[in-house]
Amino acid sequence: MESYWARMALRIWAALVLLFLFIPIVIILLYAFNSSNIETWPLPGLSTRWLASTWQDPEIQQALVLSLQAGLAATGLALVLGSMAAFAIHRTSFFGRDVVSLLFILPLALPGIVTGIALNSFFNFTGITLSILTIVVGHTTFCIVVVYNNVLARLRRTQGSLIEAAMDLGANGIQTFRDITLPLIATSVVAGAMLAFALSFDEVIVTTFTAGAQNTLPIWIFGAIRLGQRLPEVNVVVSFVILVTIIPVIIAARLTGGSGIARTGR
Amino acid sequence: MNTLEAGSGIRFRLATMAAGAIIMLTACGSTGTTPGVTLQQPPTAGMKPPTTIGPGEGALKLIAWEGYVDRSWKQPSIASFEKDTGCKVTAKYAGSSDEMVALMAGGGGGQYDMVSASGDADLRLIYSGDVRPMNPDLIPDFQYFQTYFKSPPYNTINGIHYGISLQWGPNVLMYNTTKFPIKPTSWGVLYDPANRGLITVPDNPIQIADAALYLSATTPSLGIKDPYELTQKQFDAAVTLLKQQRPLVKKYWPSAGDEISLFSSGDAMVGAAWPYQTSTLKAAKKPVADTIPTEGATGWGDTWMLATNAPHPNCAYLWTKWISAPQAQAQQAVIYGETPVNTHACALMEVMSPGSCAQYHADAPGTYFDTIKFWKTPVATCNDGTKVCIPYTQWRTAWTSIIS
Amino acid sequence: MAVEAARRPRKSGGTAPLQALLWRRPWLRAALLLLPPLGWFVVIYLASLGLLLITAFWQINDFTTQIEQVWNLNNFQTILLDPTYRLIIGRTVVLATAVTITDAAIAFPFAYFMARVASRRTQRLLFAAVLLPLWASYLARVYSWILILNHSGLLNWSMQSIGLPAPNLGYTNVAMWIVFSYIWLPFMIVPTYSAMERVPESLMEAAADLGARRWRAVRDVVLPLALPGVVAGSIFTFSLTLGDFITPVLVGGAGSTFIGNVVYSNVGIANNIPFAAALATVPVAIMAVYLIIAKRLGAFEAL
């Protein structure tokens with residue numbers, strides 16, 4: 001066992017690291033309630049006056065709607081495609097399986113800017129106008145990876161013998177899937193969907209290159225930070241995004257016991 | 001106002017710009033015969049503009065400089081425009097001419113309707129076919145524009161208008177009045193090591209012209225007459241000066257908002273700016289002011305241009321009509337800090353802010369116009385026909401090596 | 001439930017042969033399942049990457065900024081020969097290395113505490129606590145640091161309140177180093193912790209039995225076994241720093257030109273997509289080399 005002093009030192013270090021991780025988040029949440037529109041520290045006071053004006057701003061409303069639409073569409077597509085891929089990879093070994101596995105990791109392994117400009121030049125080359133469709137295409141590509149990872153991890157933990165037992169007892173493929181497989185993987189599918197949505201809602205790098213004149217919420221935030229005119233509203237929107245992305249992640253963690261979100265990280 | 005006298009200086013300026021335009025065209029692949037009387041026709045010259053304005057399409061997407069589509073305008077307000085025409089306005093702000101050209105690629109890509117382009121972007125947009133001809137007869141206030149801005153050579157080719165002029169103004173020296181209680185009189189304050197870490201200048205290759213302008217006054221032996229037409233020796237001198245400036249710069253600002261944040265937080269105390277930044281910071285009660293130093297200033301003349309693939313052309317014309325009216329012109333000029341092209345705006349500027357008409361020289365632009373070296377795209381062929389000047393691509397490469 | 005399944009009447013002959021076929025030939029089932037997602041990836045994603053690589057060999061017409069499909073090596077020549085770009089790439093790599101080392105140094109004791117000192121319940125809480133910031137909006141956290149580090153922000157105010165001079169870190173490369181280290185820290189903690197957790201206590205006891213003091217045991221037993229985890233974490237911190245443009249644009253100052261923001265401005269401002277594509281191959285190439293080294297060090301098992 002470590003000495004008492006070593007343990008104490010480690011405890012203090014851990015506390016400092018936690019402070020380091022959380023202070024910036026707390027600060028930005030505080031700034032959302034800044035009573036003045038000047039971003040200096042210390043805050044002159046607290047007030048909720050910016051919440052109403054932010055909520056009613058039509059640009060922000062449009063950006064929020066677009067983010068939700070893109071997130072739901074990308075998540076839906078990713079659910080189907082990612083699960084299918086996980087099933088395919090899991091139970092069968094075939095020539096090139098490792099290559100395909102690597103392929104499915106690429107969108108998260110390559111820097112976001114590479115994915116972004118690759119998709120951008122693809123759309124330019126094929127003459128596809130940048131619109132919500134192209135945003136969804138970009139998001140789906142990395143959301144598939146998130147769902148795939150989660151479902152595959154769960155599949156690896158389920159016993160194949162259960163499926164075989166069901167079939168021995170006379171259930172056909174569809175019944176087996178519906179009654180055995182689906183309940184076993186359901187929570188990982190939901191967790192994958194939650195994570196995919198959270199990822200899509202906060203994504204800015206790939207979206208910058210695949211969005212046309214539209215603004216998703218993160219693109220609006222990026223532009224508004226640089227415009228410097230409406231920082232109180234930025235503070236409110238940014239706090240809102242924090243909440244919207246954290247809640248699905250907490251749900252996902254509950255469903256998978258924490259392992260799912262660790263494997264996929266960002 | 002005597003347009004003839006006031007206009008003489010401007011006529012000279014315009015003649016130089018026209019020459020520049022002609023030369024630019026010969027440099028870019030016309031038949032190579034003598035710099036001609038007729039200019040090469042742009043790709044969209046054949047697109048006939050409408051003769052009437054149809055009903056509004058319900059939306060309008062603009063690429064604009066910050067402050068050109070300002071929701072804080074009260075009289076008239078953008079909300080009133082939207083209510084009267086049904087055209088809902090969304091603006092995408094660009095920080096530089098390069099950015100505007102990039103956004104407009106593909107005729108606006110079917111996404112954008114108009115762009116408020118400056119002189120150094122206009123010809124590039126016209127000749128890449130990204131903008132189309134407009135009909136000035138549809139703009140009732142066009143007849144009241146100052147003559148020179150009705151058909152400036154940067155937006156009118158062979159009599160065809162590729163946009164409607166908007167406003168014009170200088171790049172100014174902005175400073176924090178607490179740190180600099182005495183107004184600086186020279187651009188040298190931006191190159192002074194005493195101000196290390198307090199300086200901010202635009203992240204834009206065209207800044208090399210500002211350095212050249214400064215050198216034209218401080219080092220006359222270099223013989224710089226036009227800061228956009230530089231020989232290799234003059235160009236290298238300007239680049240050296242900027243490289244010496246680099247350790248003194250806090251941040252190169254890519255958009256007006258960035259500079260406003262820098263001055264707001266106190267991270268920068270002096271820098272090259274547009275009058276918009278000064279007026280915005282003043283409205284936020286920050287201690288700033290601006291000035292045009294003795295060496296003169298570079299500047300810009302802006303035009304609202306219509307995208308070739310604009311999805312809402314009728315709303316675009318309605319907007320142009322609206323923004324050219326005297327009240328809108330006066331309001332934009334006073335709030336932004338620039339000079340309107342509509343001669344009827346002067347009186348209204350006086351009502352909004354007494355003395356502003358004279359301050360921005362809206363009534364007598366002549367000599368003021370001459371002190372400003374308006375943005376234009378540098379090309380290889382100089383004014384005198386020789387091909388020793390440095391073209392813009394090299395400006396870009398040099399700029400990347402300066403700021404890195 | 002299975003008994004009921006047996007009692008349920010068999011499905012009509014329609015699907016049974018098909019299902020039997022799929023069961024007998026699992027590769028067929030895999031192929032059918034794989035076709036849509038793989039199709040998506042190949043047709044959209046791989047094609048995009050391939051097109052990007054091809055575009056790197058093209059150029060743009062300077063005046064009209066249209067892409068000309070003329071094959072040449074100009075872009076790559078510029079990147080390799082022009083000292084400006086060597087400087088930019090070098091600076092990016094140095095920053096990425098600094099961030100990686102910083103994060104490893106912060107994460108190691110923290111992960112050690114989590115894995116070997118904390119109780120099981122504390123472990124779970126800490127794990128959740130470390131992952132939470134990761135999912136709390138990247139832009140929000142970068143913006144928060146801008147507010148903390150700038151001239152009238154929290155850091156300057158705190159320093160001045162206790163009598164120290166204001167560090168004025170806003171818009172400097174130091175600021176970027178801090179922000180990057182902060183944002184990617186959870187990526188380093190998680191694999192390090194996973195690797196450390198797998199070191200059995202029996203090994204430590206054996207080391208103690210052999211006479212090693214605690215810190216020597218840490219150095220000789222835990223460190224080598226946890227190293228793959230650290231390397232796995234470093235893959236993230238290194239690669240994410242190499243390609244990022246948001247932080248340099250928002251937090252960086254005059255000396256903060258990195259690969260990310262040069263690529264970004266070449267696409268959005270100069271419209272020089274061929275050059276941006278060529279420059280974007282640099283982080284990909286660097287990461288390919290890094291991944292090969294990481295695989296040798298066993299990092300892939302720790303992921």
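Because the structure is predicted, anything quoted here is derived from the model rather than measured. Chain identifiers are assigned alphabetically (A, B, ...) following the order of the sequence lines, protein sequences preceding nucleic acid strands; residue numbering begins at 1 within each chain. The figures here come from the full heavy-atom set of this structure, side chains too, leaving out hydrogens, waters and symmetry mates.
Between the CD atom in B:E99 and the OG atom in C:S265 there is a gap of 10.0 Å [rounded to 0.5 Å]. Taking CD1 of B:I403 as the reference point, atom OG1 of C:T257 lies at 4.5 Å (rounded to 0.5 Å). Distance check: C:D82 CG to B:T400 OG1 gives 8.5 Å after rounding to the nearest 0.5 Å. Note: C:I269 CD1 to B:S97 OG = 11.0 Å, rounded to the nearest 0.5 Å. One finds the CZ atom of B:R124 at 10.5 Å from the CG atom of C:N271 (value rounded to the nearest 0.5 Å). One distance of note links CG of B:D258 with OH of C:Y171; it measures 7.5 Å at 0.5 Å rounding.
At least one donor-acceptor pair closer than 3.5 Å links the side chain of B:D267 to the backbone N or O of C:H151. The backbone N or O of C:G253 sits nowhere less than 3.5 Å from a side-chain atom of B:K250 that would complete a donor-acceptor pair.
Looking at every heavy atom in both residues, C:G268 comes nearest to B:A102 through O-CB, 3.2 Å.
Interface residue B:S401: backbone and side-chain heavy atoms are both found under 4.5 Å from chain C. No part of C:V262 comes within reach of chain B, as not one of its non-hydrogen atoms sits under 4.5 angstrom from that chain. For C:Y85, the part lying under 4.5 angstrom from a heavy atom of chain B is the side chain only. Using a 4.5 Å cut-off between heavy atoms, C:L250 touches chain B through its backbone atoms (N, CA, C, O) alone. Proximity to chain B involves both the backbone and the side chain of C:S152, based on heavy atoms less than 4.5 angstrom apart.
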